[in-house]
Amino acid sequence: MKAIPGLIAFDMDGTLLDGRVIYAIGQRFGFRSEIEKITKSSRVPYVRSQRIAKLLKGLAVSEFTETVNEIPLMMGAMQTVKQLKDKNYKVGIISDSYTIATEIVAYRLKMDFHVANMLEIKSGVFTGLLKMPLGWESIGCSCRQSVCKRYHLIRLAKRHGVDLSNTVAVGDSSADLCMIDRAGIGILFNSTEGDLSQNVKYVVRSKDLRLILNCLRDPIGE
Ligand SMILES: [Zn+2]
């Protein structure tokens, strides 16, 4: 058996996808401004996630998945994941979106794992209730997000027998900082949020996911 060189966790919205699922859904079904209002008014991240999930109440699952399927992958996503898989990396998604979306993206990219919030479904329709993986409460992370990306990075590394120093985390927003901070190699990718790069060692400023390969200890190049 080939040794596993490491585990790499990608954020989904704005990192693997060239777009954001909840905004695409809000745009299509007419509640984008409500999402923005909640984002501005709720200061506790997991409460924000719960309130946004309520907006999905009554929406058909099929309409949701149709919208997700229309969001293009980030430039270079397919090649990047393939090269990592060829090198025997464990590759997956840690997202504060929904499993119903991460499942589609993980399947498209043939990934090994995906973690996200679960939306409750009854008779093919969302109820507005959200089951959150959390995790920050058990490791003392200050993020208070519906998905503590640091907690799940640590958990997945353990599960796959990978030392934390051999993990890589890639994301574009402040929600990713707790895993970027703790991973062996933490990469801020094409961030649109002001000064996030200040405390991050690896920063990719272009919208081409292949560039993250240059940050790995054993760069995968052509
Ligand atoms: Zn956290």
Side-chain angles (χ1 to χ4, degrees), residues 6-17 20-23 35 38-54 74 89-103 105-106 111-119 129-204 209 212 215:
L7 176 142
I8 177 158
F10 289 93
D11 160 54
M12 181 179 71
D13 293 309
T15 301
L16 289 172
L17 287 183
R20 310 196 92 81
V21 167
I22 194 62
Y23 282 118
I35 299 171
I38 292 171
T39 305
K40 281 187 194 124
S41 63
S42 303
R43 257 189 282 155
V44 181
Y46 77 90
V47 175
R48 195 155 64 208
S49 299
Q50 284 173 319
R51 292 184 61 195
I52 289 173
K54 284 209 172 71
M74 183 58 66
Y89 275 86
K90 290 288 169 197
V91 189
I93 304 171
I94 303 180
S95 165
D96 58 0
S97 180
Y98 312 109
T99 52
I100 194 151
T102 54
E103 197 171 16
V105 178
M111 291 173 133
D112 303 301
F113 60 85
H114 66 102
V115 180
N117 293 295
M118 262 183 287
L119 286 164
L129 286 180
L130 191 65
K131 200 176 161 208
M132 301 180 288
L134 302 174
W136 43 266
E137 69 292 357
S138 66
I139 57 162
C141 182
S142 60
C143 74
R144 293 210 283 169
Q145 292 174 145
S146 54
V147 177
C148 172
K149 299 192 177 202
R150 175 183 293 179
Y151 172 81
H152 291 280
L153 177 75
I154 296 170
R155 181 179 66 78
L156 285 156
K158 232 180 244 166
R159 188 209 278 174
H160 289 282
V162 173
D163 196 273
L164 204 54
S165 63
N166 291 326
T167 60
V168 182
V170 188
D172 74 320
S173 78
S174 53
D176 301 305
L177 285 184
C178 76
M179 73 166 172
I180 287 177
D181 214 43
R182 186 55 60 88
I185 295 176
I187 307 169
L188 185 66
F189 172 74
N190 188 44
S191 182
T192 51
E193 287 177 46
D195 53 0
L196 284 191
S197 61
Q198 276 177 352
N199 298 310
V200 181
K201 191 170 163 200
Y202 298 95
V203 181
V204 171
L209 207 54
I212 67 123
C215 305

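Each ligand, and each atom within it, is numbered from 1 in the order the structure gives.
Side-chain contact between Val170 and Tyr202 is absent, with no heavy atoms from C-beta onward closer than 4.5 Å. Counting heavy atoms from C-beta on, the side chains of Leu156 and Lys90 never come closer than 4.5 Å. By the 4.5 Å heavy-atom criterion applied to side chains, Arg48 and Arg51 are not counted as neighbours. No side-chain heavy atom of Arg182 sits less than 4.5 Å from a side-chain heavy atom of Cys141.
Taken to the nearest 0.5 Å, the OG1 atom of Thr99 stands 7.0 Å off from the CG atom of Leu119.
Distances from the Zn ion (ligand 1) under 2.8 Å pick out these protein N/O/S atoms: Cys141 SG, Cys143 SG, Cys148 SG, Cys178 SG.
Looking at every heavy atom in both residues, Ala157 comes nearest to Thr167 through CB-CG2, 3.8 Å.
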